[in-house]
Amino acid sequence: MLSRAWRVLTSRRGAVVWFCTEAIRRERVLRARRISVLSASSCIAIGGGLLVWKRLHTVHAAPSLSDSLATKEDVDHDEEEKPKNKRVSFHDRRVVGYEDRIRAYSTPDKIFRYFATLRVVDAGGEDEVMMTPEDFVRSLTPGVIQPEGLGLDQFRKVSRKQIQSELASHTHDSSLFSEIGLAGGLISFSDYLFLLTVLSTPKRHFEIAFQMFDFNGDGEVDASEFQKVCNILNKSTAVGQRHRDHSTTGSVSKGVGGALQLYFFGNDLDQRMTAEKFGQFQDKLQRELLRIEFEQYGADGGVVSEVDFCRLLLSYTSCSDAKKRLYRKRVKSAYGEEAKGVSFEEFKTFSDFLDHLNEVETALSMYTMAGTGATKDVLAHVAKSVIGIDLDSHLIDVVFTMFDVDEDGTLTNKEFITVMKDRRQRGLNKAKDTGLMRLLESAWTCAKQAGPFGN
């Protein structure tokens, strides 16, 4: 009897000991997990803070207008290129940096309200904030400072009757904006979102979207179907994903309407749109924006200098300030006294060449695999045979002077293609945030997948 009682007591004591040991082990595991989570959170917080600081203080700014504007890199390092009386103040450099951060990280609503310069008032007292074509280009181009006295929610008031005079001062007779008649050549917030969608979406994507809604197979869509196409494509762009309607500020997307609908579908909205016709509109819009960019650099005698052409190509790119200075100095030293200049048609031709950069990249990679580098003759041949564009030999010489840093007579993917992809997209393909939120979202996803700490 006693032996049996002793065996029961021993077995129960063993169970108690085992239970206590297991509880201690689980507590240690839980404590280790808590420490690891706290350590990871600290690392994320510190890394995120450093990332935000770096993004906010490293502005990928394109060079400014050659006459009166300057970027941070020009002022700090290229003051010898500018007359003494045209140096930009410290205050202006700070403003340029601030505006570049607005372009890079703000919502479409804030960007529009910051760079729009006109508040149009009708006879009934109702007003609407609108952009000029120059405002639109300025909202896209890093390094170009907003006119003094104008900024976030600061506008010049004009009446509807004054719009025609504003149109005459801001657009040409052949301007696409005048042809469309966007409230006298001006751009509303809905028009602004639509134009950004057009610029950031390749033609091929529009063609696919047209085919999706072309139910009868005739290659055409009506006004309502076209609105659906634009809504879908807008949501697929970085700009569309960031937009939220703000009724308090008036920044509400109303879709494609007004003058644009009349331009595309006629006064009675009974015409139909084809992918080919819309592609022609995209080409006209690109040409109009290129003309405005080109003329901002003076274009004396219809040409810009090779250095200004270099600045135009580096607009919107993510090259470091040091790399941009290197490119400009190489071009300036090569063409300082023998400047021939670059005409608008040559600039437009090269921009058309960049529109087919994917095909160019494929062709040049084949030459590289065959043991032949991308020489000047190869680049000219690819442009002619693959795209059907005749690149001027002087233009090719300037491009090689810029990008052939190692001076081996060839261009590599890293030297040329990677940089020009940013230029082609005008920076609209970049995510409109500092990356911190994506980092935190990734950490939260990993934590949820790991399950409860006690398991």
> Where does the angle between the aromatic ring planes of F281 and Y263 fall among parallel (under 30°), tilted (30 to 60°) and perpendicular (over 60°)?
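Rings of F281 and Y263: tilted, 30 to 60°.
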> With the threshold set at 4.0 Å, does a side-chain nitrogen-carboxylate oxygen contact exist between R291 and E288?
yes
> Less than 4.5 Å apart, side chain to side chain, heavy atoms only: is that true for F194 and C230?
yes
> For T349 and D352, does a side-chain donor sit closer than 3.5 Å to a side-chain acceptor?
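No, D352 and T349 have no side-chain donor paired with an acceptor closer than 3.5 Å.
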> When rounded to the nearest 0.5 angstrom, what distance separates CD1 in I396 from CG in L379?
5.0 Å
> Quick one: ring pair (Phe, Tyr, Trp, His ring centres under 6.0 Å) partners of F115, sequence neighbours excluded?
none
> Students often mix this up, so state it plainly: with edges at 30° and 60°, are the rings of Y192 and F136 parallel, tilted or perpendicular?
perpendicular
> Calculate, to the nearest 0.5 Å, the distance between atoms OG and CD belonging to S190 and E128 respectively.
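So the OG of S190 and the CD of E128 are separated by 8.0 Å.
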> Under 4.5 Å between any side-chain heavy atoms of F416 and V399, yes or no?
yes
> Would the distance check show the side chain of D404 and the main-chain N or O of L411 forming a donor-acceptor pair, the cut-off being under 3.5 Å?
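Pair absent, no side-chain N/O of D404 close to backbone of L411.
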> Charged N to carboxylate O below 4.0 Å: is that the case for K324 and D321?
no
> Under 6.0 Å between ring centres: does that hold for Y335 and H394?
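Distance test on ring centres: under 6.0 Å, yes.
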> Return the CZ to OH distance between R103 and Y98, rounded to the nearest 0.5 Å.
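Result: 11.5 Å between the selected atoms.
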> How long is the gap from CG on L118 to CG on L150, to the nearest 0.5 Å?
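Taking CG in L118 and CG in L150, the distance rounds to 8.5 Å.
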> Are the side chain of T141 and the backbone N or O of R138 linked by a donor-acceptor pair below 3.5 Å?
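Looks like no, no N/O pair under 3.5 Å.
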> Please determine, by modelled atom types, if D222 and S224 share a side-chain donor-acceptor pair under 3.5 angstrom.
yes
> Please tell me if the side chains of D397 and K376 come closer than 4.5 Å, counting only heavy atoms from C-beta onward.
yes
> Side chain to side chain contact (heavy atoms under 4.5 Å, CB included) between E225 and E220: does it pass, once the steps are laid out?
CA-CA 9 Å; E225 292 170 340; E220 300 177 344; over 6 Å; no
> So, R119 side chain and R156 main chain: donor-acceptor pair closer than 3.5 Å or not?
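Not at all, since once roles are kept as given, no pair shorter than 3.5 Å links the two residues.
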> Determine whether more than 12 heavy atoms belonging to other residues, nucleotides or ligands lie under 6.0 Å from atom CD of Q271.
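Yes, CD of Q271 has more than 12 neighbouring heavy atoms, counting only those of other groups under 6.0 Å.
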> I need the T418 OG1 to E361 CD distance, nearest 0.5 Å.
7.0 Å
> Do P133 and V137 touch side chain to side chain, with heavy atoms closer than 4.5 Å?
no
> Tell me whether E345 is salt-bridged to K348, with the criterion being a basic N under 4.0 Å from an acidic carboxylate O.
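Not counted as a salt bridge, because no side-chain N and carboxylate O are separated by less than 4.0 Å.
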> Please check if the distance between the ring centroids of F350 and F347 is under 6.0 Å.
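Not close enough - the centres of the two rings lie 6.0 Å or further apart.
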> Salt-bridge test for R423 and E293: reply yes if a basic N is under 4.0 Å from a carboxylate O, no otherwise.
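A salt bridge links R423 with E293.
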> So, for A374 and L364, which heavy atoms are closest and what is the spacing to 0.1 Å?
CB-CD2, 3.8 Å
> Say whether, by atom type as modelled, one donor and one acceptor occur between the side chain of D100 and the main chain of P142 under 3.5 angstrom.
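Pair absent, no side-chain N/O of D100 close to backbone of P142.
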> Is any side-chain heavy atom of N358 closer than 4.5 Å to a side-chain heavy atom of K421?
yes
> Specify the closest pair of heavy atoms between C319 and Y327, including all atoms of both residues, with the distance to one decimal.
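Heavy-atom minimum between the residues: SG-CE1, 4.2 Å.
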> Please step through side chain to side chain contact (heavy atoms under 4.5 Å, CB included) for the pair V331 and R328, ending with a clear verdict.
CA-CA 5 Å; V331 173; R328 292 198 310 275; 5.9 Å; no
> Donor-acceptor check, side chain of D283 to backbone of Q280, threshold 3.5 angstrom: yes or no?
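Not confirmed, D283 side chain does not pair with Q280 backbone.
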> Taking all atoms of both residues into account, what is the closest heavy-atom pair of A363 and V386, and its distance?
CB-CG2, 4.1 Å
> Test side chain to side chain contact (heavy atoms under 4.5 Å, CB included) on V405 and L326; report intermediate values, then the result.
CA-CA 9 Å; V405 179; L326 173 63; 4.0 Å; yes
> Which heavy atom of P108 sits nearest to which heavy atom of L193, and what is that distance?
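Heavy-atom minimum between the residues: CB-CD2, 3.8 Å.
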> Between the side chains of E306 and R311, is the shortest nitrogen-to-carboxylate-oxygen separation below 4.0 Å, so that they form an ion pair?
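Not counted as a salt bridge, because no side-chain N and carboxylate O are separated by less than 4.0 Å.
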> With heavy-atom distances below 4.5 Å as the criterion, would you say the side chains of I292 and E134 are in contact?
yes
> Within the 4.5 Å heavy-atom criterion, are I145 and V95 side-chain neighbours or not?
yes
> Is a donor on one side and an acceptor on the other found under 3.5 Å between the side chain of N231 and the backbone of Q227?
yes
> Is any side-chain heavy atom of Q286 less than 4.5 Å from a side-chain heavy atom of L199?
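Of all side-chain heavy-atom pairs linking L199 with Q286, at least one is under 4.5 Å.
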> Counting N and O atoms only, with roles assigned by atom type, does the side chain of K110 sit under 3.5 Å from a partner on the main chain of L152, one being a donor and the other an acceptor?
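No, because the side chain of K110 does not come within donor-acceptor range (under 3.5 Å) of the backbone of L152.
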> Between F309 and Y297 (judged by ring centroids, cut-off 6.0 Å), do the two rings come close enough to count as a pair?
no
> Tell me if a side-chain donor or acceptor on T317 pairs with a main-chain N or O of L313 at a distance below 3.5 Å.
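Not a single qualifying donor-acceptor pair exists.
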> State the CZ-OG1 distance between F403 and T410, to the nearest 0.5 angstrom.
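The distance works out to 14.0 Å.
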> Is there a side chain to side chain contact (heavy atoms under 4.5 Å, CB included) between K384 and D390? Walk through the geometry before answering.
CA-CA 6 Å; K384 177 65 176 178; D390 285 315; 3.1 Å; yes
> For K340 and E346: C-alpha separation, side-chain torsions, deciding distance, then whether salt bridge (Lys or Arg N to Asp or Glu O under 4.0 Å) applies.
CA-CA 12 Å; K340 176 183 175 182; E346 291 173 334; 5.2 Å; no
> Just by modelled atom types, is the T362 backbone N or O under 3.5 Å from a matching donor or acceptor in the S365 side chain?
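Here the side-chain-to-backbone pair exists.
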> State whether the side chain of Q146 and the backbone N or O of Y114 hold a donor-acceptor pair below 3.5 Å, judged by distance alone.
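Pair found, side chain donor or acceptor close to backbone of Y114.
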